[in-house]
Protein chains: 2
Amino acid sequence: MVSKKTAAADTVDAKPRPLTRIQKEKQDIILEAALEVFSLHGFRGATIDQIAAQAGMSKPNLLYYFPKKDEIHRRLISELLVTWLAPLAEFDEDGDPFTEIRSYIRRKLEMARDFPRESRLFANEMLQGAPRVSEMIEVDLKNLVDEKAKVLLTWMEQGRLARTDPYHLIFSIWATTQHYADFDVQVRAVLGKDRNGEGRFEDAARYLEQLFMHGLTPKARSAGKA
Amino acid sequence: MVSKKTAAADTVDAKPRPLTRIQKEKQDIILEAALEVFSLHGFRGATIDQIAAQAGMSKPNLLYYFPKKDEIHRRLISELLVTWLAPLAEFDEDGDPFTEIRSYIRRKLEMARDFPRESRLFANEMLQGAPRVSEMIEVDLKNLVDEKAKVLLTWMEQGRLARTDPYHLIFSIWATTQHYADFDVQVRAVLGKDRNGEGRFEDAARYLEQLFMHGLTPKARSAGKA
DNA sequence: AGAAATTTTGACCAGTTGGAAAAATGTTAG
DNA sequence: CTAACATTTTTCCAACTGGTCAAAATTTCT
């Protein structure tokens, strides 16, 4: 009764059965396809048939590797969260505030460019109230942000960074960078064909750097009234 | 064959039949319910049954007013877009740049607070590649933004605003404000119970003002090195 | 090669979903 | 009151969905 099916079912089984190379490959193909479909249609909007088609296999075959739709999604999300938190974790207390913030922004922007599907998968989950990751964001994410907020506060107290709300600071970085992945259609539509070439990414990076470093105040009156 | 059904079917009919007050009321109830459900689950994720339940009526009864699920969604989206573009349209060339931008940010932030479902409905649509509103954003939205970008450019040339990319400037306002509606769960989770009271909104407003006015550079060296 | 294990396929199913048809129940004007 | 119209409910259905299962095809191991 243990090994009627061999491939995936080793979630919490006695004999984890090492996972053949072929199984790993197929699983990766499926996860890749699922990422594509889930990120576009959300969990409920995506069908196993679609994912199977995208993965180039039949539905029952896919279900042989992942017996539950749920589980594909869960795997994607949990893998994603690791990737997603990594850049923030790199934030270094001993570095220069502006260098650290600038490179964090850049890394996040690169992620929006290079992993837009991951970003959208995450956004979909958030939009729907994060039913599948609530614990993850209430514990892991919160702790990490709390920690980094403390670092920011230290910098502010040392006068090396403008005194402001560290949490909202982090939110604004997330928002501005992920926007380019999540609202890609809108960005493309508004920028029009011309402004959409390779320069787009650099334009965004340059603008965000300006925004976070100096805001919109023109040089002439940087330290002006009030 | 014209009037077998009377209520909704007047999309492009000969006799638009004035729409009784009762019909208008019921339609509004349905749209309100649909907004709730669509904004949470996306188009495909939402079912007519759910919407009907939310609206307090039976599915066939709902279908009497909106014969197609599609149409409820379309109506919501098109009504939404008007509301959504209004604040940007108010942007006044003759005003003071900073006053205009600041009040635009505040209006958008208020909208994120007061109409989070609309924001999420819109976000859902964008995430999915805007299949139902592509024309709207490629024409109406683009034109409006082009126009306002020109205003921003003028201000920049007059030295009244930092020289930067006006399109990305607008994107960053959208991103930072809508973030509070679309990623509400995340924001709540990260802020924790304490920091989530009535002050939250004001904190965000204050932070964003600081960000857009001065960036993160501390006062002491506002106009520092190159 | 041949047995054993793994992978793939095809047929199938029960539950859900969007929607149609028609009967039943109001509602209103004459 | 009643005929005409508007609204609501009941019943039903075909397509789709997540998922099962046994048999067939393939790979792996000896």
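So you know, we letter chains A, B, ... as the sequences are listed, proteins then strands, and number each from 1. In this text, all values refer to a predicted model and were calculated from it rather than measured experimentally.
- Each of D:dT20, C:dG18, C:dT8 was ranked by its minimum atom distance to the side chain of A:N61; first place goes to C:dT8.
- Atom NZ of B:K69 and atom P of C:dG18 are 4 Å apart (whole Å).
- Under 4.0 angstrom from either OP1 or OP2 of C:dT7 there lies at least one side-chain N or O belonging to A:Q23.
- Put simply, A:R44 has no side-chain N or O that comes within less than 4.0 Å of OP1 or OP2 on C:dT16.
- Nucleotide C:dG19 holds its P atom 5 Å from the CD1 atom of B:I48, rounded to whole Å.
- A:R132 forms a cation-pi arrangement with A:F43, by the criterion of a distance under 6.0 Å to the ring centre and an angle within 45° of the ring axis.
- Atom CG of A:D70 is separated from atom C1' of D:dG18 by 11 Å (rounded to the nearest Å).
- For the pair A:Y65 OH and C:dT6 P, the computed distance is 11 Å after rounding to whole Å.
- For the pair A:K150 and A:D146, the salt-bridge criterion is not met [side-chain N within less than 4.0 Å of a carboxylate O].
- Out of D:dT17, C:dT9, D:dT9, the shortest distance to the side chain of A:T47 is found at D:dT17.
- Separation of the B:H73 and B:F66 ring centroids does not fall under the 6.0 Å cut-off.
- Between A:R200 and A:D184, at least one side-chain N (NZ, or NE/NH1/NH2) sits under 4.0 Å from a carboxylate O, which counts as a salt bridge.
- Nearer to the 5' terminus of DNA chain C, by closest-nucleotide assignment, is the contact made by A:K59 (compared with the other of B:F43 and A:K59).
- Summarising the geometry, the separation between NZ on B:K26 and P on C:dT27 is reported as 10 Å, rounded to the nearest angstrom.
- The side chain of B:K68 lies closest to C:dA20, out of C:dA20, D:dT20, C:dT8.
- B:A52 comes within contact range of no nucleotide atom at all, as no heavy-atom separation falls under 4.0 Å.
- In the set C:dT6, D:dT17, D:dT11, the nucleotide with an atom closest to the side chain of A:D49 is D:dT17.
- For the pair B:I30 CD1 and C:dG18 P, the interatomic distance rounds to 14 Å; values are reported in whole Å.
- Minimum atom distance to the side chain of B:Y64 is reached by D:dT7, of the listed D:dT10, D:dT7, C:dG19.
- Using a 4.0 Å heavy-atom cutoff across all strands shown, B:S58 reaches at least one base atom of the nucleic acid.
- Across the protein-nucleic acid pair, B:H73 atom NE2 and C:dG19 atom P stand 14 Å apart, rounded to whole Å.
- Ring geometry, B:W174 versus B:F171: the interplanar angle falls from 30° to 60°, so the pair is classed tilted.
- Remark: P of D:dG18 and CZ of A:F66 are 16 Å apart, rounded to the nearest angstrom.
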